[in-house]
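Heads up, the thing below is written out as structure tokens.
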2 protein chains.
Amino acid sequence: MRILQAVTDDYILTAEPVGSRTIARKYSLGVSPATIRNEMADLEELGYLQQPHASAGRIPSDLGYRYYVDGLMTPASLDEEERWAIQTELSRRTAIEELVHSTAQVVASMTRYASLAVVPRIEDAILKRVELIALDPQVVLVVFVGIPGLVEHRVVETHRSWTQEELARVEAVLNDCLEGVSVRDLGRTLYQQVADVLGDPDLYDGAASLLEDALAAGGDERVYVEGAINLFHQPEFRDVDRLRPLLEFLEQKDALLNILSSHGQSGLTIRIGQENGQGPLEGCSLVMATYEVGGQVVGQIGVLGPTRLEYSRVVAVMRLVAEELSQALARRRNRP
Amino acid sequence: MRILQAVTDDYILTAEPVGSRTIARKYSLGVSPATIRNEMADLEELGYLQQPHASAGRIPSDLGYRYYVDGLMTPASLDEEERWAIQTELSRRTAIEELVHSTAQVVASMTRYASLAVVPRIEDAILKRVELIALDPQVVLVVFVGIPGLVEHRVVETHRSWTQEELARVEAVLNDCLEGVSVRDLGRTLYQQVADVLGDPDLYDGAASLLEDALAAGGDERVYVEGAINLFHQPEFRDVDRLRPLLEFLEQKDALLNILSSHGQSGLTIRIGQENGQGPLEGCSLVMATYEVGGQVVGQIGVLGPTRLEYSRVVAVMRLVAEELSQALARRRNRP
DNA sequence: GTTAGCACTCGCCGGTCGCAAGTGCTAGCA
DNA sequence: TGCTAGCACTTGCGACCGGCGAGTGCTAAC
């Protein structure tokens, strides 16, 4: 175990296959290189180490990293300075998207890997309020305010012409009847109650299709990717042909969204190499954390790098960041 | 001139230095390779061509490209299909940011280079309307609606507590007094008239600092970069060390903003190689166009690639796109 | 003014070779 | 029985080198 730990630590640091001599010199295990060689041969047989070629040192396999992550690595802690950097960055923002976005930026710059972040969709939020504003007779600005401090506006072209008075009436009824309803349900499924209170069926139809269109117009930009260029510095991506597929993958926001949001339960998850399935993520590791509002997971944030990842540091950063982000969101919500 | 044209055309196509034989074979100039060699030696002496090394063919210099762009190149025209792709993409959006953003995406995918786009700032717009909504007693949602169909919302934490009634009063006064004012001037320089109409100096102060904070909170994300990975396919960026500085430069949104928005006059500009100044853009060419609302330039859009750029095609795409974008924005505005 | 011929230049490619790092194995020692 | 020193073996990597081919510039002739 101590040899596996030493090999992994050293390889994470140097990106060079680690030989028995190196370990004997740099890590005081109290045994000679020859002994280490014997043990390393065993570790290779067990699948924890592998050899890029016969005359080279050893590097950890995915399994080796997994074992390392699950128990061997020494947990890192962060400088006061770094904690402070995160906290001030988060206290500078109020809008939730910006909060999450700048969190992703901080994570990228602190870890020097790529970072990913998912912002909650307004559709998943509980409606707090909706505002309807006529920009032109047939263009309406719809502003949704959702419960975890989420605000989104949509500009909708309508078939029907609207006066500001009509919109004000609809707005008032909606806000009276629908507070606490999931935003997703605002579309065609507008409730009977709204129809009753509004009275006018024409107005009701217009409102329903207005909201439906507003929800359909929706921002697809829910995943932020920051610091992708950091991957350039990693020796494993020195080769363009290895880097390109990865960067191309990072452009596919829907795929990223799938991966990140599949990680629904609260807490921290590490996916190593092949655990990400086949494809461009095969040689990468992904550390994911969730952030919450009111005890409920509303989004995810992740770090992506080569399998040779500084796991302990990344885990420390992610723990702190997820915590701070959740707290910042909570502060926004529970103001006096 | 015909030889310069042939060399440039061929080099743009193949990315290989062009020899006299190749030109004689592929372009029917009616002369032999020997003649072409003589002329090419002259063109090199004049600075239009250069030789990567003694035994290689010629490639155009920046000056050569400049001459080519200014008169030699044969203007490209676009397929009906491509025009159609642009038009449908633009008709699917209504919000101005999305319109510009998806324009940038279309340009990137059509040219296979990187594309840049600047969205107008709400600060530069004329105020059409402002909405103030209390989210919490000390958190106000400010929605600005600007004249070229620009909408932006900001969430502001305030020192003072606001009731919705107070906000409604301020909002009414602001909308009465300040329609047509530049959004930028909404902050501290709130006009005397507003103070007079409001009466209450406390309310006036609160409103002024609320708007000031709202403007300060402002989105710094005004430049979109799309298709940066397309640059991977260009042989001149095969080398990571050549590509990285460029991608790093593309991350500096403020520098990009400077470059693009310095191009203020209406129309199309091409900057070739060193014309971009020293630094990461030295080996690149930039084609910039403006888009307008009501005859006024409100934003820019650009294409970035190696100096060996398909100028004629890029110019055709940019002409069309700028035109279509301006028209789409005009349609949004002049609805019946 | 144009062209054919020819000697010359130089980057690229494939092969060879020595070096260095690291291994596995064996024999010896506590 | 576990550990260690010694040693032969493997193999990737970088340097060196020579032939090839593309392309040039020059000269002489038309």
Side-chain angles (χ1 to χ4, degrees), chain A residues 1-61 64 235-236 238-242 308, chain B residues 1-61 64 235-236 238-242 308:
Chain A
M1 278 169 51
R2 287 170 62 203
I3 289 174
L4 177 56
Q5 183 181 16
V7 170
T8 312
D9 278 338
D10 203 76
Y11 184 61
I12 287 176
L13 204 67
T14 64
E16 299 281 324
V18 190
S20 52
R21 236 177 79 90
T22 314
I23 290 188
R25 228 180 329 150
K26 287 171 67 175
Y27 303 82
S28 350
L29 301 188
V31 292
S32 80
T35 311
I36 295 174
R37 280 205 290 282
N38 280 330
E39 295 296 324
M40 293 209 313
D42 291 348
L43 285 168
E44 185 171 359
E45 209 164 330
L46 292 170
Y48 293 106
L49 292 181
Q50 56 195 32
Q51 226 174 348
H53 56 263
S55 77
R58 302 303 210 294
I59 64 177
S61 66
E236 24 273 280
R238 205 50 169 293
D239 185 5
V240 180
D241 296 327
R242 205 165 293 278
R308 186 185 60 79
Chain B
M1 278 168 50
R2 287 170 61 203
I3 288 174
L4 177 55
Q5 183 181 17
V7 170
T8 312
D9 279 338
D10 204 77
Y11 184 61
I12 287 176
L13 204 67
T14 65
E16 300 281 323
V18 190
S20 53
R21 235 177 83 89
T22 314
I23 292 188
R25 227 181 329 153
K26 286 171 67 175
Y27 303 83
S28 349
L29 302 188
V31 292
S32 81
T35 311
I36 295 173
R37 279 205 291 281
N38 281 329
E39 296 294 325
M40 291 206 318
D42 292 348
L43 284 169
E44 184 170 359
E45 207 165 330
L46 292 170
Y48 293 107
L49 292 181
Q50 56 194 31
Q51 226 173 349
H53 56 263
S55 77
R58 303 301 210 294
I59 65 177
S61 66
E236 23 274 279
R238 206 49 169 292
D239 184 6
V240 180
D241 296 326
R242 205 166 293 278
R308 186 186 61 79

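Within every chain, numbering begins at 1; the chains are lettered A, B, ... in the order of the sequence lines, protein sequences first and strands thereafter. What you see is a predicted model; the values in this text were computed from it and never measured.
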Assess whether a salt bridge exists between B/E236 and B/R308, defined as any Lys/Arg side-chain N lying under 4.0 Å from an Asp/Glu carboxylate O. yes

Are OP1 or OP2 of C/dG24 and a side-chain N or O of A/R58 less than 4.0 angstrom apart? yes

Pull out every residue in residues 32-39 of chain B that has a heavy atom closer than 4.0 Å to any atom of DNA chain C, ordered by number, or say none. B/S32, B/A34, B/T35, B/R37, B/N38

Whole-Å distance separating the CZ atom of A/R21 from the P atom of C/dA20: 13 Å

CE/A/M40 to CG/A/L49 distance, rounded to the nearest 0.5 angstrom? 7.0 Å

Once you round to the nearest 0.5 Å, how far does OG of A/S61 lie from CD of A/Q51? 13.0 Å

Calculate, to the nearest 0.5 Å, the distance between atoms CZ and OG belonging to A/R37 and A/S32 respectively. 7.5 Å

With the threshold set at under 4.0 Å for non-hydrogen atoms, list the residues of residues 2-13 of chain B touching DNA chain C in residue-number order. none

Salt bridge (charged side-chain N to carboxylate O under 4.0 Å, His left out) partners for A/D241, two or more places apart: A/R244

Between B/L13 and B/D9, does a side chain to side chain contact (heavy atoms under 4.5 Å, CB included) hold up when you go through it step by step? CA-CA 6 Å; B/L13 204 67; B/D9 279 338; over 6 Å; no

Between CD1 of A/I23 and OG of A/S28, what distance do you get to the nearest 0.5 Å? 12.0 Å

Please report the distance, rounded to the nearest Å, between CG in A/L29 and C1' in D/dT4. 15 Å

Calculate the interatomic distance between A/D42 atom CG and C/dC25 atom P; express it in whole Å. 11 Å

Using the test salt bridge (charged side-chain N to carboxylate O under 4.0 Å, His left out), find all partners of A/E44 that sit at least two apart in sequence or belong to another chain. A/R58

Rounded to the nearest 0.5 Å, what separates atom CD1 in A/I36 from atom CG in A/L43? 11.0 Å

For A/D10, what residues pass the salt bridge (charged side-chain N to carboxylate O under 4.0 Å, His left out) criterion, not counting sequence neighbours? A/K26

Nearest whole Å is fine: how far is C/dT23 P from A/L43 CG? 12 Å

What distance do A/Y27 atom OH and A/Q5 atom CD have between them, rounded to the nearest 0.5 Å? 9.0 Å

Close residues, residues 47-57 of chain B, relative to DNA chain C [heavy-atom separation under 4.0 Å]: B/H53, B/A54, B/S55

Between C/dG22 atom P and A/E44 atom CD, what is the distance in whole Å? 15 Å

